[in-house]
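Since the structure comes first, as structure tokens, the remarks are kept for the end.
First the proteins, then the strands, lettered A, B, ... as listed; each starts at 1.
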Number of protein chains: 2
Amino acid sequence: MSLSGDEEEEVLSLLRSAGDRVTTPRRLLVRSLFEAAGHRTAEELAAEIQARAPDVSISTVYRNLEELERLGVVTHSHLGHGPASYHLASAAHGHLVCRKCDAHVEIAEGFFADLRRRAIAEFGFAIDPHHFAVIGLCAGCQAETEDPGDITAG
Amino acid sequence: MSLSGDEEEEVLSLLRSAGDRVTTPRRLLVRSLFEAAGHRTAEELAAEIQARAPDVSISTVYRNLEELERLGVVTHSHLGHGPASYHLASAAHGHLVCRKCDAHVEIAEGFFADLRRRAIAEFGFAIDPHHFAVIGLCAGCQAETEDPGDITAG
DNA sequence: CTATTTGCAAAATGTTTGCAATCCG
DNA sequence: CGGATTGCAAACATTTTGCAAATAG
């Protein structure tokens, strides 16, 4: 808990040097982000923050997530049809999400290296493989279904 | 225009054999889907349909897109933060979307073959690379930015 | 001090739902 | 005819915005 304190302070400094003020809602948001590594929705982050400062509003959370994203500290990704998930940019990774049971697997950076290379070579596109999850069927759900993971395969 | 008539009829038959009724809104939705190949949002499809039958409502369009999706005729994908895009499942393809200028490139099936293979091998996941776009920076926007396409690359 | 940030309430956006009226088969 | 489908309006879920009051530096 105090291990991440240094990194937390770094983020607060970054805010200051960007001309932003360090306020209680911002402090608590950064604290929440470092406290647990996983993804959280804006609503979940707001709940954690409100446990400490009950009247921080969710719009403040959204505004500050946006600012932290602009500064490169935070990233959001879309793992399904629900709300976006936020996490530290330094913990960026890809996601496989099962469209049947909603299971999700976090996948390492390197998994997309080849795709990235080819996207650059063929289309000049520098992809960010984290932003949207890759939907599919997990092993368990494939077994239960005749429906293939991909309509056009074969 | 009458070239796709056969395929349109096939879809209508499929509806009938699924126990669904063939109504005017359904006919017109299928017609719109075949008429132009691109992606369209529910709202755009509704507009095309309403040009022919003014009081077809957007909720009917949503309901019928859902049913056609269930039957495997239609697919939707998320190309960005806005509304979902719908198109014929038979025309499934991947998407690269520039997060700066919103340009998008449609990419062939085969582009994901290797990723698919490795997702199965390593995680047992059968991915559907069409559902979510792959976000990134197009060549033009990379040139204009110091910000790299990927935070963790390097 | 004063410009930034906040809380609240309201708007905006995209999609879903309840229900009585309508239509297909 | 009878159940499936529709249109409408209202609900819903997520995110954004306007604005006066609070606050950091």
Side-chain angles (χ1 to χ4, degrees), chain A residues 9 11-30 39-47 49-71 74-86 102 131-133, chain B residues 9 11-30 39-47 49-71 74-86 102 131-133:
Chain A
E9 280 309 321
V11 171
L12 300 182
S13 298
L14 179 60
L15 279 167
R16 270 188 264 260
S17 61
D20 291 332
R21 292 174 181 180
V22 173
T23 64
T24 299
R26 280 184 184 155
R27 234 177 251 287
L28 293 176
L29 174 57
V30 171
H39 321 98
R40 260 136 329 149
T41 64
E43 199 176 19
E44 288 163 346
L45 288 164
I49 292 167
Q50 285 159 359
R52 288 157 174 156
D55 41 53
V56 171
S57 84
I58 194 157
S59 51
T60 297
V61 174
Y62 275 111
R63 281 189 279 231
N64 287 330
L65 284 169
E66 194 183 6
E67 178 63 5
L68 289 174
E69 196 151 9
R70 210 183 57 78
L71 296 177
V74 159
T75 292
H76 78 269
S77 19
H78 298 274
L79 305 186
H81 284 173
S85 288
Y86 293 82
D102 209 57
H131 190 71
F132 281 120
Chain B
E9 280 310 320
V11 171
L12 299 182
S13 298
L14 179 61
L15 278 167
R16 268 187 267 260
S17 60
D20 291 332
R21 292 173 180 182
V22 174
T23 63
T24 298
R26 281 184 182 157
R27 234 179 251 287
L28 292 177
L29 174 57
V30 172
H39 322 98
R40 258 134 333 148
T41 64
E43 200 176 19
E44 289 163 347
L45 288 164
I49 292 166
Q50 285 159 358
R52 288 158 174 155
D55 40 52
V56 171
S57 84
I58 194 157
S59 52
T60 297
V61 174
Y62 275 111
R63 281 188 278 231
N64 287 330
L65 283 169
E66 194 182 5
E67 177 63 6
L68 288 174
E69 196 151 9
R70 210 184 56 78
L71 296 176
V74 159
T75 292
H76 78 269
S77 18
H78 298 273
L79 304 186
H81 284 174
S85 288
Y86 293 83
D102 210 58
H131 189 71
F132 280 119

Rounded to whole angstrom units, what separation is found between the [atom1] atom of [X] and the [atom2] atom of [N]?
| X | N | atom1 | atom2 | answer |
| --- | --- | --- | --- | --- |
| B:L12 | C:dC24 | CG | P | 13 Å |
| A:E67 | C:dT4 | CD | C1' | 11 Å |
| B:L28 | D:dT6 | CG | P | 11 Å |
| A:L65 | C:dT5 | CG | P | 15 Å |
| B:L15 | C:dC24 | CG | C1' | 13 Å |
| B:E44 | C:dT15 | CD | P | 11 Å |
| B:R26 | C:dC23 | CZ | C1' | 12 Å |
| A:N64 | C:dT4 | CG | P | 15 Å |

### Query
Base, backbone or nothing for each nucleotide of nucleotides 15-25 of chain D, written B, S, -, heavy atoms under 4.0 angstrom, 5' to 3'?
SBBB----BBS
Under the rule for salt bridge (charged side-chain N to carboxylate O under 4.0 Å, His left out), what residues qualify as partners of [X], not counting sequence neighbours?
| X | value |
| --- | --- |
| A:R40 | A:E48 |
| A:R16 | none |
| B:E67 | B:R70 |

Donor-acceptor pairs are to be reported for all side-chain atoms of residues 18-25 of chain B against protein atoms at under 3.5 Å, with residues two or more places apart or in another chain.
| unit_1 | atom_1 | unit_2 | atom_2 | d |
| --- | --- | --- | --- | --- |
| B:T23 | OG1 | B:R26 | N | 3.4 |

### Task
Measure across B:Q50 and B:V56 and return the closest heavy-atom pair with its distance rounded to 0.1 Å.
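Smallest interatomic distance, heavy atoms only, reads NE2-O, 2.7 Å.
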### Query
salt bridge (charged side-chain N to carboxylate O under 4.0 Å, His left out): which pairs involve residues 49-58 of chain B, sequence neighbours left out?
B:E35-B:R52
### Task
Please list every stem that involves DNA chain C, where a stem is a run of 3 or more consecutive Watson-Crick or G-U wobble pairs with both pairing distances under 3.5 Å.
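Runs of three or more consecutive pairs: C:1-25 with D:1-25.
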### Task
For A:S85, enumerate each residue passing the side chain to side chain donor-acceptor pair (under 3.5 Å) test, keeping only those at least two apart in sequence or located in another chain.
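In terms of side chain to side chain donor-acceptor pair (under 3.5 Å), with neighbours along the sequence ignored, A:S85 is linked to no residue.
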### Pairwise side-chain contact, B:L68 with B:L15, heavy-atom cut-off 4.5 Å (strictly under)
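SC-SC contact between B:L68 and B:L15 confirmed.
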### Message
Going by the rule ring pair (Phe, Tyr, Trp, His ring centres under 6.0 Å), which residues pair with A:Y86 if we only count those two or more places apart in sequence or in a different chain?
### Response
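Result, ring pair (Phe, Tyr, Trp, His ring centres under 6.0 Å) vs A:Y86: A:H76.
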